[in-house]
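Some notes on the structure that comes next.
First the proteins, then the strands, lettered A, B, ... as listed; each starts at 1.
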Number of protein chains: 2
Amino acid sequence: MRKINENEIQKVKLGDVADKAGVSRTTVSRVLNNRGYISDKTRQKVHEAVELLNYQPNEIARSLFIKKTYIIGLIFPTTNNPFYGQLIFHLENICESLGYRVLLCNSQGREDKEKDYLKMLQRHQVDGIIAGAHNRGIEEYNNQHLPLVGIDRYLSKNIPVVSSDNYDGGKKATRLLIDKGCKQIIHINGSPSLETPANLRREAYEDVMKENQFHPRTYIIGDNIIERLFDENPNVDGIFASDDLIAANVIREAKRRNINIPGDLKVIGYDGTETTRILLPELSTIQQPVKEIADLAIKLLMKQINGESESQIEWKLPIKLIKGETT
Amino acid sequence: MRKINENEIQKVKLGDVADKAGVSRTTVSRVLNNRGYISDKTRQKVHEAVELLNYQPNEIARSLFIKKTYIIGLIFPTTNNPFYGQLIFHLENICESLGYRVLLCNSQGREDKEKDYLKMLQRHQVDGIIAGAHNRGIEEYNNQHLPLVGIDRYLSKNIPVVSSDNYDGGKKATRLLIDKGCKQIIHINGSPSLETPANLRREAYEDVMKENQFHPRTYIIGDNIIERLFDENPNVDGIFASDDLIAANVIREAKRRNINIPGDLKVIGYDGTETTRILLPELSTIQQPVKEIADLAIKLLMKQINGESESQIEWKLPIKLIKGETT
DNA sequence: TTGTAGGCGTTATCAC
DNA sequence: GTGATAACGCCTACAA
């Protein structure tokens, strides 16, 4: 960069390199992009000029011309959550290794924000979007001629969804509680109206309960839900929470009520993120294969970006039961 | 968007809107950017055409012309960490409210990655960068004529740094342990060669220990550090960990060794993120004002972006001591 | 009040 | 091998 005057900074551009090297801009471009025939002498002159001026190509101008930004949009509720934090870490990581950058959007589970983000990402000409926000279906996703992948979230009819095997997770969690002798098992989950594959956790819970002649009872996350659960079910002896943070809250409330875990009450969560494993290692949980989910999501997105076809829509990755000390 | 053939999708552009509305591109641009005088009739015609074609301005082309992208680069070690996850959440949030988007970079504490990211962000013409990666000083930050702010991290001589009042935090943590009767207090911290304000936590610890005629002893994070600490200090009765995750690991190891907390050993962490408060609510800790840090960092960055001057370099925000059940 | 023309920094096509 | 030149989609003087 060189200063024009005290306030304005002028970036070095292709033409400056060309002038310095005594060649045309075309030649510089060719050298930098390894295209066509270039004499070694010219190539070297150009490289020297690039070094000397510390030239950085302007990706904006480049993107405009090649109609590709190498930017992927990520729409998730929030990075302030161990599961999404870990997932986004891997997504960004993989993108980086493929030469893509990542535009981050925290939708906070708000439909209006998600729609705005979707528009914004399109205006910025992202090459694709991976979304996992916990919203109801957003019709805007339907008519996008844009590479799209959902994680744990149905976006639209033909958009691939990657998730852990939620049904299997729900089954294993519920069975563990039953095997451990629980008689009154309650499930806590998000609103079933959010059309997410996580609903399968509830379905599995209900199926397994019925198979075993138990009465399923699901509490929907909301204000004071955990206190209410305990108040209304003084004999509850097993709780399957649909994520680890809820499980932690259950454990705290149980402690407050002097309910012994796992003696009087057994608790199992869902997610099994690295953060949870460190902060609450004793929690029994269903661990999602976060990295594998990220890998697959990117793979499916890249297929779309590269115009390759893929007919499978739903992808379920195996979960792992972690037996801790809370069951 | 309209299809040209089966495979190619052509985006709607300004010219298409102009044609549809029967005006020039200039006029459409003026309407959309609210510039100059436009008759109500024309304005309406344009808006109708925009609706009809579902036109989305191409921000890439726009950025190229106005030489501003409204994109901020964020360089942090990883979103897979409660503190950074929460911090990045707030940073993104505030940016969004100001009309800026965020390009996320997980440097993983690797100097090479951080340098690459820095170049990449410049090629993408970001309007500014906020970095908090845990690296040694990277000289590339010196010669950037680019708005820059560090969080808990000295980037370069004249780049503003925002952090919590680490010295005060270290002081309060150490004092709490002393007040609670601990005699052999050990501190665990990252490498002092990382030039981060977090070093002040150690300094404060050492100062307070000396003031009280105690012998300070700091363990540097590394392999099996916690086991070693316990092996080498069987009488340790107080541990001040420089973050909550380490504190959690200490607690786990103590449990494994049947050391009673807080009876035989008192533990205090640092950060006090929302995630920690949920997963490990009993932990005593020093809570950082994460949202305030984010607010201030963005404010300082925007000042630079808008060319306003600001002479203060170091900014320390007040922490809060949380007395839990581990002390 | 609206349109024409030129340029933002890069790349690709076509000459030479 | 290399160099003009015309895009990419948008915005803003300057004209009309």
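The interatomic distance linking B:Phe65 (CZ) with C:dG6 (C1') rounds to 9 Å, in whole Å. In this structure, B:Gln56 atom CD and D:dC10 atom P are separated by 11 Å, rounded to whole Å. In this entry the distance linking CD1 of A:Ile66 with P of C:dA12 reads 8 Å, nearest Å. The interatomic distance linking A:Lys13 (NZ) with C:dT11 (P) rounds to 14 Å, in whole Å. In this structure, CZ of A:Arg62 is placed 13 Å from C1' of D:dC8, rounded to the nearest angstrom. To the nearest angstrom, P of C:dG3 lies 12 Å from CG of B:Asp19. Distance CG (A:Leu32) to P (C:dG9): 16 Å, rounded to an integer number of Å. Counting to the nearest Å, the P atom of D:dC8 and the NZ atom of B:Lys11 are 14 Å from each other.
For the 3.5 Å distance criterion, the side chains of B:Gln288 and B:Ser164 qualify, holding a donor opposite an acceptor.
At the phosphate of D:dC8, neither OP1 nor OP2 sits under 4.0 Å from any side-chain N or O atom of B:Asn58. In terms of phosphate contacts, A:Lys67 brings no side-chain nitrogen or oxygen within less than 4.0 Å of OP1 or OP2 of C:dT11. Residue A:Arg35 places at least one side-chain N or O under 4.0 Å from the OP1 or OP2 atom of C:dA12. At C:dT10, one or more side-chain N or O atoms of A:Tyr55 fall inside 4.0 Å of OP1 or OP2 (strictly under the cut-off).
Among the heavy atoms of the strands lying under 4.0 Å from B:Leu14 are primed sugar atoms or P, OP1, OP2 only; no base atom is included.
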Please test A:Leu74 against A:Ile129 for side-chain contact (heavy atoms from CB on, under 4.5 Å), starting from the C-alpha separation and ending with a verdict.
CA-CA 6 Å; A:Leu74 298 185; A:Ile129 295 178; over 6 Å; no
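Under the side chain to side chain contact (heavy atoms under 4.5 Å, CB included) criterion, B:Thr69 pairs with A:Ile60, B:Ser63, B:Ile71, B:Gln125, B:Asp127, sequence neighbours left out. Scored by the side chain to side chain contact (heavy atoms under 4.5 Å, CB included) test, B:Glu96 finds A:Lys113, A:Tyr117, B:Glu92 as partners (sequence neighbours excluded).
Within the structure, salt bridge (charged side-chain N to carboxylate O under 4.0 Å, His left out) contacts touching residues 70-91 of chain A (residues at least two apart or in different chains) do not occur.
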Sequence neighbours left out, cut at 3.5 Å: what donor-acceptor pairs do the side chains of residues 17-25 of chain B make with other protein atoms?
| unit_1 | atom_1 | unit_2 | atom_2 | d |
| --- | --- | --- | --- | --- |
| B:Ser24 | OG | B:Thr26 | N | 3.4 |
| B:Ser24 | OG | B:Thr27 | N | 3.3 |
| B:Ser24 | OG | B:Thr27 | OG1 | 3.2 |

Going by atom type alone, with no hydrogens or angles, which donor-acceptor pairs under 3.5 Å involve a side-chain atom of residues 40-47 of chain B and a protein atom two or more places apart or on another chain?
| unit_1 | atom_1 | unit_2 | atom_2 | d |
| --- | --- | --- | --- | --- |
| B:Thr42 | OG1 | B:Ser39 | OG | 2.5 |
| B:His47 | ND1 | B:Arg43 | O | 3.3 |

Using atom names, set out every protein N or O paired with an N or O of nucleotides 1-5 of chain D below 3.5 Å, distance rounded to 0.1 Å.
| unit_1 | atom_1 | unit_2 | atom_2 | d |
| --- | --- | --- | --- | --- |
| D:dT2 | OP1 | A:Ser39 | OG | 3.0 |
| D:dT2 | OP1 | A:Thr42 | OG1 | 2.5 |
| D:dT2 | OP2 | A:Ser39 | N | 2.8 |
| D:dT2 | OP2 | A:Thr42 | OG1 | 3.2 |
| D:dG3 | OP2 | A:Ser24 | N | 3.1 |
| D:dG3 | OP2 | A:Ser24 | OG | 3.1 |
| D:dG3 | OP2 | A:Thr27 | OG1 | 2.3 |
| D:dG3 | N7 | A:Arg30 | NH2 | 2.8 |
| D:dG3 | O6 | A:Arg30 | NH1 | 3.2 |
| D:dG3 | O6 | A:Arg30 | NH2 | 3.4 |
| D:dA4 | N7 | A:Thr26 | OG1 | 3.3 |
| D:dA4 | N6 | A:Thr26 | OG1 | 2.8 |

